[in-house]
Each structure stands twice: as structure tokens, then as C-alpha cells.
Amino acid sequence: MPPTDASIVSYWDAAAASFDEEADHGLRDPHVRSAWAERLRSWLPAAPADVLDLGCGTGSLSLLLAEQGHRPVGVDLSPLMVEQARQKLVAAGFDAVMAVGDASDPAPEAGTSFDVVLSRHLVWTLPDPEAALRRWIGLLRPGGRLVLVEGRWATPAEPYVAGLPWMGGVEAEHLERVLRPLVKSVRVEPLPDPVLWGKPVHDERYAVVAFA
């Protein structure tokens with residue numbers, strides 16, 4: 001049975017305190033941080049761009065975006081994650097919006113028009129990922145970009161995602177096939193570099209950049 005919003009909130013709130021201990025979550029290692037900053041620069045248009053960071057977690061990517069001169073808006077279902085994201089951005093001197101909400105269907109208060117919609121490791125948690133992708137593309141300005149960092153995990157899926165359509169992640173080929181009818185162009189970039197993850201990886205990890 002699909003999880004409820006309450007069960008998902010409870011799960012990620014419980015994970016919030018230790019979330020940034022993962023190298024690709026907290027980006028505390030300067031080499032990992034630099035690798036993600038370089039990737040973001042290659043995927044995004046020139047700054048400043050309005051970027052919706054969906055499933056923003058503790059705000060590590062939003063902070064990189066702000067440092068690069070973009071205007072991030074973060075949305076996450078977990079209040080404790082969002083509070084950490086706010087603190088992270090404020091401590092660095094940025095006044096970015098970090099909001100609690102359903103990343104699969106962002107509320108209009110978060111904004112309705114963006115140059116970029118970005119998510120990392122989110123679609124596998126969604127009850128209806130294809131509907132979410134259509135909604136996200138609808139938030140893009142003409143020529144805007146949907147940037148998805150995803151994978152198909154070699155490790156077991158998180159306990160609460162049993163029964164979800166993309167449980168355990170989604171193959172790049174499948175995600176590309178879903179997106180092609182919805183956008184003008186799609187490109188896939190494999191992400192096997194262990195520097196991005198703070199360790200060697202043995203599963204499929206990639207980014208998709210789709211242009212509206």
C-alpha cells in the first residue's frame with residue numbers, strides 16, 4: 001500500500017538529524033562539494049536563473065545555487081529538513097525561500113514560473129511520478145530546463161516505498177522514454193564519478209536535462 005504523507009514526513013523528519021552525514025547530502029567534503037558545483041554549472045543556464053529545488057532536503061544544492069548567483073526556491077515535505085535548509089542558507093547570507101510542501105505538486109505560493117526545475121533522488125519516492133513530471137514541466141518558462149539527478153539503486157529500497165511504481169529508482173532509459181513526448185529535447189549524463197558520492201558506486205546514477 002502506498003505511504004501516506006504523514007508516514008513520509010515522519011520518515012524524513014527522523015532522518016533529518018543525520019542526513020548531512022552522507023557525503024553527497026551534506027557536501028561537507030570540499031572535493032565532493034566542488035564536483036557538485038561544477039555539475040550544476042554545466043546543467044543550468046547562466047546566472048541569475050529562478051530555480052525550483054524540489055525535495056530540497058537540507059538545502060545543500062540550494063546553497064550551491066545561491067552561491068552561483070541563482071535564485072533558488074526549495075520545497076520539501078519534511079519540516080525538519082526545511083528548517084535545516086533555511087538555517088544553512090541564512091548562515092551563508094542568503095535570503096532564499098525554503099518551504100514545507102508537496103514536491104510532487106508544488107503549491108502556487110512557491111511560484112508558478114521558473115527557468116529551471118531541479119530534483120535529486122526524488123522521483124523514486126512519488127506515488128505517481130509521471131504525473132509529477134508533467135506538473136513540473138508545466139512550471140517551466142519557454143526554453144526552461146528540467147534537471148533530474150536519479151538512479152536505479154543496487155541497494156534495497158527504503159522501507160516506506162514498498163509498492164510505489166519506481167521503487168528502488170528508475171533506469172535512465174525508462175525516464176528518458178517518459179519525458180520525450182513532454183519536452184523538446186532530452187539528454188542523459190551518466191554520473192559514475194565516485195567524487196560526486198564520496199565513495200565508489202556500483203549502481204546506475206545519472207542526470208537528465210530536458211528542455212521545454
**Report entry** Any donor-acceptor pair under 3.5 Å from Ser60 side chain to His25 backbone
**Finding:** yes
Requested in this report: Could you tell me if the ring centre of His31 sits under 6.0 Å from that of Trp197?
Outcome: no
Query raised in the report: Between Arg41 and Glu38, is there a salt bridge with N-O shorter than 4.0 Å?
Result: no
**Report entry** Backbone of Gly169 reached by a side-chain donor or acceptor of Arg152 within 3.5 Å
**Finding:** yes
Query raised in the report: Does any N or O in the side chain of Ser119 come within less than 3.5 Å of the main-chain N or O of Leu122, such that one atom is a donor and the other an acceptor?
Result: no
**Report entry** Pairwise distance OH(Tyr11) to CG(Leu77) - rounded to 0.5 angstrom
**Finding:** 14.0 Å
Query raised in the report: Taking atom CZ of Arg39 and atom CG of Leu64, what is their separation to the nearest 0.5 Å?
Result: 13.5 Å
Report summary line: Looking only at heavy atoms, the pair that brings Asp13 and Met81 closest together is OD1-N, 4.3 Å
Report task. Kindly indicate whether the side chain of Val170, heavy atoms from C-beta on, has any atom under 4.5 Å from the side chain of Tyr206. Result -> yes
Query raised in the report: Can you name the closest pair of heavy atoms from Leu164 and Trp124 and give their distance?
Result: CD1-O, 4.0 Å
**Report entry** Close side-chain approach of Asp20 and Lys88, heavy atoms under 4.5 Å
**Finding:** yes
Report task. Please lay out, stage by stage, how Val100 and Asp76 fare under the test side-chain contact (heavy atoms from CB on, under 4.5 Å). Result -> CA-CA 5 Å; Val100 177; Asp76 199 281; over 6 Å; no
Query raised in the report: Taking a hydrophobic cluster as the set of Ile, Leu, Val, Met, Phe, Trp and Tyr residues connected by side-chain heavy atoms closer than 4.5 Å, whether directly or through intermediates, do Val75 and Leu80 fall within one such cluster?
Result: no
Requested in this report: Please report the closest heavy-atom contact between Ala132 and Leu126, naming both atoms and the distance.
Outcome: CB-CD1, 3.7 Å
Query - Phe114-Leu148 co-clustered via ILVMFWY side chain contacts under 4.5 Å - result: yes
Query - Asp53 vs Val73 side-chain heavy atoms within contact, under 4.5 Å - result: no
Requested in this report: Could you tell me whether the side chain of Pro45 reaches within less than 4.5 Å of the side chain of Arg145, counting heavy atoms only?
Outcome: yes
Query raised in the report: Can you tell if the side chain of Leu61 reaches within under 4.5 Å of the side chain of Leu118, non-hydrogen atoms only?
Result: yes
Query raised in the report: What's the spacing between Lys184 NZ and Ile137 CD1 if we round to 0.5 Å?
Result: 12.5 Å
Report task. Tell me, with the steps shown, if Leu52 and Val116 meet side-chain contact (heavy atoms from CB on, under 4.5 Å). Result -> CA-CA 6 Å; Leu52 181 59; Val116 180; over 6 Å; no
For residues 89-99, which side-chain donor-acceptor pairs fall under 3.5 Å, sequence neighbours excluded?
none

Query raised in the report: Rounded to the nearest 0.5 Å, how far apart are CD of Gln68 and CG of Leu63?
Result: 10.0 Å
Report task. Answer yes or no: is there a side-chain heavy-atom contact under 4.5 Å between Leu40 and Leu65? Result -> yes
Query raised in the report: For atom CD of Glu171, is the number of surrounding heavy atoms from other residues, nucleotides or ligands below 6.0 Å larger than 12?
Result: yes
Query raised in the report: Going through the distances and angles, do Trp43 and Glu189 end up as a side-chain hydrogen bond (donor to acceptor under 3.5 Å, both in side chains)?
Result: CA-CA 10 Å; Trp43 298 329; Glu189 179 181 332; 2.9 Å; yes
Query raised in the report: Taking 4.0 angstrom as the limit, do Asp50 and Arg141 come out as a salt bridge?
Result: yes
Report summary line: For Arg180 and Val186, the nearest pair of non-hydrogen atoms, with its separation, is NH2-O, 3.5 Å
Requested in this report: Look at the side-chain heavy atoms of Ile, Leu, Val, Met, Phe, Trp and Tyr, link any pair under 4.5 Å apart, and say whether Leu133 and Leu139 land in one connected group.
Outcome: yes
Requested in this report: Decide side-chain contact (heavy atoms from CB on, under 4.5 Å) for Val208 and Val147; before the verdict, give the C-alpha distance in whole Å, the side-chain angles of both, and the deciding distance to 0.1 Å.
Outcome: CA-CA 6 Å; Val208 167; Val147 179; over 6 Å; no
Query raised in the report: Is it the case that one hydrophobic cluster holds both Phe19 and Leu54, taking links as side-chain heavy atoms less than 4.5 Å apart, direct or via other members?
Result: no
Query raised in the report: Short question: side chain of His70, backbone of Pro48 - any donor-acceptor pair under 3.5 Å?
Result: no
Query raised in the report: Between Glu22 and Arg28, is there a salt bridge with N-O shorter than 4.0 Å?
Result: no
Query raised in the report: OG of Ser62 to CZ of Arg71: how many Å apart, nearest 0.5 Å?
Result: 14.0 Å
Requested in this report: Start with the C-alpha gap between Leu179 and Leu146, add the side-chain angles, then the distance that decides, and say whether side-chain contact (heavy atoms from CB on, under 4.5 Å) holds.
Outcome: CA-CA 10 Å; Leu179 286 170; Leu146 177 67; 3.8 Å; yes
Report task. Check the hydrophobic clustering (I, L, V, M, F, W, Y; side-chain heavy atoms under 4.5 Å; chains of links allowed) and say if Val209 and Val149 are grouped together. Result -> yes
Query - His121 ring center within less than 6.0 Å of Trp153 ring center - result: yes
Requested in this report: Indicate yes or no: at least one non-hydrogen side-chain atom of Trp136 is less than 4.5 angstrom from one of Leu182.
Outcome: no
**Report entry** Glu150 side chain vs Ala172 backbone, donor-acceptor pair below 3.5 Å
**Finding:** no
Compile the donor-acceptor pairs under 3.5 Å between side chains in residues 103-110 and protein atoms, sequence neighbours left out, one pair per line.
{"residue": "Ser104", "atom": "OG", "partner": "Asp102", "partner atom": "OD1", "Å": "2.7"}
{"residue": "Ser104", "atom": "OG", "partner": "Asp102", "partner atom": "OD2", "Å": "3.1"}

Query raised in the report: If you look at every heavy atom in Leu196 and Val32, which pair is closest and at what distance?
Result: O-CG1, 3.6 Å
Report task. Compare every heavy atom of Ala85 with every heavy atom of Gly57, then report the nearest pair and how far apart it is. Result -> O-CB, 3.7 Å
Query raised in the report: Under 4.5 Å between any side-chain heavy atoms of Asp115 and Val51, yes or no?
Result: no
